[in-house]
Amino acid sequence: MSIDNNRKHIQKRINAACLVGGRDPVSVSLIAVSKMQTNQKIQEALDCGQRLFGENRVQEAYSHWINHKDIYSDLKLHLIGPLQTNKVKEAVTLFDMIQTLDREKLAKALQSEMQKQFRQVPCLVQINTGEESQKAGIKPQELEEFLYFCRKECNLIVEGLMCIPPINEPPALHFALLNKLSHKYSLTKTSMGMSSDFEKAIALGATYIRIGTLFFGTRQE
Ligand SMILES: *Cc1c(COP(=O)(O)O)cnc(C)c1O
């Protein structure tokens, strides 16, 4: 299957899931997750019109995208992996959204870097919906305070929430929780759902779905 076919196939499934859920398909944005994919496949994705991409690592994202940034003016890159404070400078330069805002130290570092660069990059707060000890993210019960901190203390633009459910649990409960929190705090963007579960995420209110394997094929190790 070509990437063009994969993309059309995914879009059909998005449309069908939206029809079932009574949603407008334009309310769901497909993020093509290009981590560990070849430059050739990335070019194929660009050639068939894809402009929204997700990357896990700042360094890898640079090598994938720095040359495309000038050519494709409508290109949008989202950081969907953990961000170390020593990479904040590069992240603010490259990305159009940071989906993994997950601690106060990072919020402060982002604030000062965005001020330096005169560049406001909107963020999503990563929620640790499964409250897993090894996983990044804010606990649901700490979100209110964290939102206040990011907005009032750091002047960050927080547009919504993202989650990565625990691998060994059905994702629907986590999607439902993220959706509930989005509504509670009147947040408009909800990033959840991957290749294996994006239809469930759409049914539960996802506005960004992050698709890697189904879009590009299996990743190179
Ligand atoms: C890799 C990754 C994805 C894409 O996963 P697939 O199962 O290949 O669709 C989505 N979200 C995050 C945070 C990822 O790291």
Side-chain angles (χ1 to χ4, degrees), residues 1-14 17 28-38 41-42 44-45 48 50-65 76-84 87 91 94-103 106 121-132 134-138 159-172 174-175 177-179 181-182 189-221:
M1 283 278 266
S2 71
I3 285 182
D4 193 34
N5 277 330
N6 292 347
R7 184 170 180 256
K8 285 182 179 139
H9 174 70
I10 295 164
Q11 192 58 55
K12 270 192 196 148
R13 285 175 58 179
I14 293 171
V28 180
S29 300
L30 166 61
I31 301 176
V33 178
S34 47
K35 68 176 184 213
M36 292 189 262
Q37 298 292 349
T38 60
K41 284 190 171 180
I42 287 172
E44 264 185 71
C48 65
Q50 182 69 25
R51 290 294 181 269
L52 176 57
F53 294 88
E55 287 280 354
N56 262 50
R57 293 175 181 197
V58 179
Q59 234 44 53
E60 188 190 5
Y62 259 83
S63 76
H64 278 163
W65 295 106
K76 298 284 178 216
L77 301 176
H78 288 201
L79 179 63
I80 61 168
L83 179 55
Q84 308 301 324
K87 299 273 168 57
L94 186 71
F95 289 103
D96 301 287
M97 179 176 272
I98 289 162
Q99 295 204 357
T100 48
L101 177 56
D102 64 355
R103 58 201 192 278
L106 178 60
V121 182
C123 301
L124 304 183
V125 172
Q126 183 173 354
I127 304 291
N128 188 351
T129 56
E131 301 193 36
E132 297 169 278
Q134 83 289 3
K135 192 171 271 178
I138 298 290
E159 295 190 333
L161 307 177
M162 80 86 92
C163 76
I164 306 169
I167 12 178
N168 48 7
E169 280 180 38
H174 300 274
F175 296 158
L177 173 58
L178 203 70
N179 193 32
L181 291 169
S182 283
K189 308 226 162 121
T190 309
S191 173
M192 57 190 190
M194 314 204 270
S195 290
S196 57
D197 55 20
F198 70 91
E199 280 127 330
K200 280 191 201 89
I202 290 172
L204 290 162
T207 66
Y208 287 121
I209 55 171
R210 311 179 305 260
I211 311 285
T213 321
L214 213 56
F215 190 102
F216 285 104
T218 46
R219 285 181 277 274
Q220 301 183 302
E221 290 310 318

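For ligands, and for the atoms within them, numbers begin at 1 and follow the listed sequence. These figures come from a predicted structure and were not determined experimentally.
Within the 4.5 Å cutoff, no side-chain heavy atoms of His78 are placed close to those of Arg210. The side-chain heavy atoms of Met192 and His174, taken from C-beta on, include no pair separated by under 4.5 Å.
Here the CD atom belonging to Glu132 is positioned 7.5 Å from the CG atom belonging to Asn168, to the nearest 0.5 angstrom.
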N/O contact list for ligand 1, threshold under 3.5 Å:
from     : atom 1 : to     : atom 2 : distance (Å)
ligand 1 : 8 (O)  : Thr213 : N      : 2.8
ligand 1 : 8 (O)  : Thr213 : OG1    : 2.5
ligand 1 : 8 (O)  : Arg219 : NH1    : 2.8
ligand 1 : 8 (O)  : Arg219 : NH2    : 3.2
ligand 1 : 9 (O)  : Ser195 : N      : 3.0
ligand 1 : 9 (O)  : Ser195 : OG     : 2.5
ligand 1 : 9 (O)  : Gly212 : N      : 2.8
ligand 1 : 11 (N) : Arg210 : NE     : 2.8
ligand 1 : 15 (O) : Lys35  : NZ     : 2.7
ligand 1 : 15 (O) : Asn56  : OD1    : 3.1
ligand 1 : 15 (O) : Asn56  : ND2    : 3.3

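Judged as a salt bridge (charged side-chain N to carboxylate O under 4.0 Å, His left out), and not counting sequence neighbours, the contacts of Arg13 are Glu199.
The backbone N or O of Lys135 lies less than 3.5 Å from a partner atom in the side chain of Asn128, making a donor-acceptor pair.
Between Phe53 and His64, the gap from one ring centroid to the other reaches at least 6.0 Å.
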